Peer 1: 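Provided herewith is a single structure, encoded as structure tokens, for subsequent inquiry.
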Amino acid sequence: AYIDRINVFGFKSYGSRKLTIPLGEGFIGIVGPNGSGKSNIGDAIVFALGLATAKSMRALKLTDLIFSSKGKTAPYAEVEIVFKNNGAFPLNTEEVSIYRRVDLNGKSTYKINGRTAKYYEVEELLSEAGIPRQAYNIITQGDIFRFIKMTPYERRELLSELA
Amino acid sequence: AYIDRINVFGFKSYGSRKLTIPLGEGFIGIVGPNGSGKSNIGDAIVFALGLATAKSMRALKLTDLIFSSKGKTAPYAEVEIVFKNNGAFPLNTEEVSIYRRVDLNGKSTYKINGRTAKYYEVEELLSEAGIPRQAYNIITQGDIFRFIKMTPYERRELLSELA
Amino acid sequence: KEKAFLEVFNKVNKNLKAIFKELSPSGKAYLELENEKTPLDGGVFLKARPRGKDVKRLEIMSGGEKTLTALAFLFAVQQYKPAPFYYFDEVDAHLDDANARKIGQLMKKFSKEAQFIVVTLRDTLAHFSDRLIGVSSREGISQIYTLEVSELLGDTSEIKV
Amino acid sequence: KEKAFLEVFNKVNKNLKAIFKELSPSGKAYLELENEKTPLDGGVFLKARPRGKDVKRLEIMSGGEKTLTALAFLFAVQQYKPAPFYYFDEVDAHLDDANARKIGQLMKKFSKEAQFIVVTLRDTLAHFSDRLIGVSSREGISQIYTLEVSELLGDTSEIKV
Ligand SMILES: Nc1ncnc2c1ncn2[C@@H]1O[C@H](COP(=O)(O)OP(=O)(O)OP(=O)(O)O)[C@@H](O)[C@H]1O
Ligand SMILES: Nc1ncnc2c1ncn2[C@@H]1O[C@H](COP(=O)(O)OP(=O)(O)OP(=O)(O)O)[C@@H](O)[C@H]1O
Ligand SMILES: [Mg+2]
Ligand SMILES: [Mg+2]
């Protein structure tokens, strides 16, 4: 499986409009000036896949993720990660969509392939598809050193989870 | 004042031999491959000027700073920072030398212009020459973010010290 | 259970040694069990000996050496059991150009088995990508567009992938 | 005592605003007293509003924006009361090329008042230096030599020994 594209609305710096970030198979480079919104792509992935306990999104509360500029705020922030399945997910659709929205009141809604789902269902689905619970496949800025700083016990845990 | 040169022996990666690192006035660039020994120059400065409480030298104990390789260890580590005075220090020598040695037993010796001195004498001398106590003029790898992460009180302290 | 763990440990360790050798030809990195007799009672140490040096505590390595060791470990895990995608944000921040190029080559190779999404501020890694996404900001709002790898300034001709 | 503090505060604040404007032309950064009436009872906030954006908490800024804001603050303090020397180790790690060049120009300017010792893995900053020190490692022992700024090829990591 791989992420084919990411659809966002009102999320962090992406403004109050529907926007599609095309990704796809292989080695995708993300480039641009400081502050342009590159790392926010990683935050969108962490947000939608519910991995925020494992990773920081540089937000003190969920509602910080809702786009705001010059006094105006988007009504909500939503992110949809669209995977090409290729048999990795226990679903028989060619594409698998994982969606999350947070409203101004801080309430989250998850959807799998368009139907509302509970967080634990997303968690289980990702685990089946081989996305690790501690999300070591997502290295945010400065995060690479965690493999050096982790204790020998944490490292053993990481390896045990692979077994 | 400025650092004219740094003399080292047995310090970190600089081997068991006398070595001079020429610096001098203006904008000095330090370049070279990963692991070559660039940051160890900053550690030499922090070591000799007794600023280790303010800065990490990536050593758990002082004796870690003594060069060792393939089982062999230098008998001691010494660093001498030679400043051009230009009236900045309350001494009437053209150059001001601040020296520190650590022996295998972990004991430190300081010298100012060649004569043995106590640590507090070095501390006072540096303060007179305008080298700040919290050493904010020395930015080690990753350290730049401290100005962002410091609390409003720490920032007030930094400014008060300038008054 | 211990048997399953040891199988993972040995395979990842084998990968780590080979990958680190590729990155630092006369250096080595490896995993070590704290407790050889009952592995699950102890931890797993990560040991590294960069070229020409002794095995030293990880903390005294340089920023670039730590980055290489950490990436080698991550790739070793990935080679054993790839996640469907990897996201790397400025992992080249503390790598010199030669090491960034080595990491780029490794990422190119491993991106045949898993998707690699790599954020970078420098051309070196970007030149190894199959496809490039450009991000810019206008009045605080991010704009997304696709770029050709050949559009990167700096010299694409000297990087044969 | 409060009077002396306010003098430092106002002067450094003035410097910070001007320096940040130079780095981020339509952005701004400034200091703010927590307690306007009795400054020494409160702290000092560092506020930044990068170009086109609102003033946001420092923590949600990007790595590059944080670096620029921190350097602007440091230069503002230096402009008020320079230390005899400054040592910067890879402060350009999270700067794009354009921002690294702006920082290089500022360092060039401020190095007339104080010595700037700048460790970098990229040519951009190195090109602004007056003099270059090369460091390499042979069998784990560092070698030191001087380089001409014109000798910088694309690669600071492939230095002739
Ligand atoms: N809720 C929000 N509304 C509007 N803008 C936001 C919001 N949250 C974050 N931002 C903006 O997003 C920008 C940071 O984006 P990001 O971290 O993705 O930049 P970047 O491209 O990774 O930069 P760098 O190269 O410096 O790391 C900040 O300038 C911040 O102001
Ligand atoms: N006591 C010691 N004896 C011998 N070598 C040492 C000692 N202490 C540190 N070193 C070596 O110094 C090297 C690190 O040097 P340094 O941190 O200066 O590198 P660097 O040029 O800054 O690299 P980078 O660009 O990756 O930051 C390490 O490889 C370490 O093994
Ligand atoms: Mg970023
Ligand atoms: Mg270094």
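Each chain gets a letter, A, B and so on, in the order the sequences are listed, and its residues count up from 1. All of these numbers come straight from a predicted model, not from anything done at the bench.
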Peer 1: Chain C contacts: which residues in residues 149-163 of chain A have a non-hydrogen atom closer than 4.5 Å to it?
Peer 2: A/Pro152, A/Tyr153, A/Arg155, A/Arg156, A/Leu158, A/Leu159, A/Ser160, A/Glu161, A/Leu162, A/Ala163
Peer 1: Check for a donor-acceptor pair, side chain of C/Gln115 on one end and backbone N or O of A/Gly24 on the other, with a separation under 3.5 Å.
Peer 2: yes
Peer 1: Identify the two heavy atoms, one from A/Gly130 and one from C/Pro84, that lie closest to each other, and give their separation to 0.1 Å.
Peer 2: O-CD, 3.5 Å
Peer 1: Might you point out which heavy atoms bring C/Asp89 and A/Gln141 nearest each other, and give the distance in Å?
Peer 2: OD1-CG, 3.2 Å
Peer 1: Which one wins on heavy-atom pair count under 4.5 Å against chain C: A/Ser39, A/Ala129, A/Gly142, A/Ser69?
Peer 2: A/Ser39
Peer 1: Heavy-atom pairs under 4.5 Å with chain C - which of A/Asp143, A/Leu19, A/Thr140, A/Leu23 has more of them than the others?
Peer 2: A/Leu23
Peer 1: Is the shortest heavy-atom distance from the side chain of C/Val135 to the side chain of A/Asn40 under 4.5 Å?
Peer 2: no
Peer 1: Working to the nearest 0.5 angstrom, can you tell me the gap between C/Ile117 CD1 and A/Ile21 CD1?
Peer 2: 10.0 Å
Peer 1: Using heavy atoms and a sub-4.5 Å threshold, report which of residues 105-128 of chain A line up against chain C, by residue number.
Peer 2: none
Peer 1: Do C/Phe85 and A/Ile131 have side-chain heavy atoms sitting under 4.5 Å apart?
Peer 2: yes
Peer 1: A/Gly29, A/Ser16, A/Gly32: which one forms the most heavy-atom pairs within less than 4.5 Å of chain C?
Peer 2: A/Gly29
Peer 1: Which heavy atom of C/Tyr87 sits nearest to which heavy atom of A/Lys38, and what is that distance?
Peer 2: OH-O, 3.8 Å
Peer 1: What residues, two or more places apart in sequence or in another chain, satisfy side-chain hydrogen bond (donor to acceptor under 3.5 Å, both in side chains) together with A/Lys61?
Peer 2: A/Asp64
Peer 1: Which distance, rounded to the nearest 0.5 Å, do you find between the CG of A/Asn137 and the CZ of C/Phe88?
Peer 2: 8.5 Å
Peer 1: Between C/Asp130 and A/Gly26, what is the shortest heavy-atom contact and its length?
Peer 2: OD2-CA, 3.4 Å
Peer 1: For the OH atom of C/Tyr86 and the OH atom of A/Tyr136, what is their distance to the nearest 0.5 Å?
Peer 2: 5.0 Å
Peer 1: Which value, rounded to the nearest 0.5 Å, describes the distance between A/Phe27 atom CZ and C/His127 atom NE2?
Peer 2: 11.5 Å
Peer 1: At their closest point, which heavy atom of A/Phe145 faces which heavy atom of C/Gly63, and how far apart are they?
Peer 2: CE2-O, 3.8 Å
Peer 1: Can you tell me if C/Ser142 uses its side chain to pair, donor with acceptor, with the backbone of A/Tyr14 under 3.5 Å?
Peer 2: no
Peer 1: Using heavy atoms and a sub-4.5 Å threshold, report which of residues 21-28 of chain C line up against chain A, by residue number.
Peer 2: none
Peer 1: Looking at every non-hydrogen atom in both residues, tell me the closest pair between C/Ile144 and A/Pro22 and how far apart they are.
Peer 2: CG2-CD, 4.1 Å
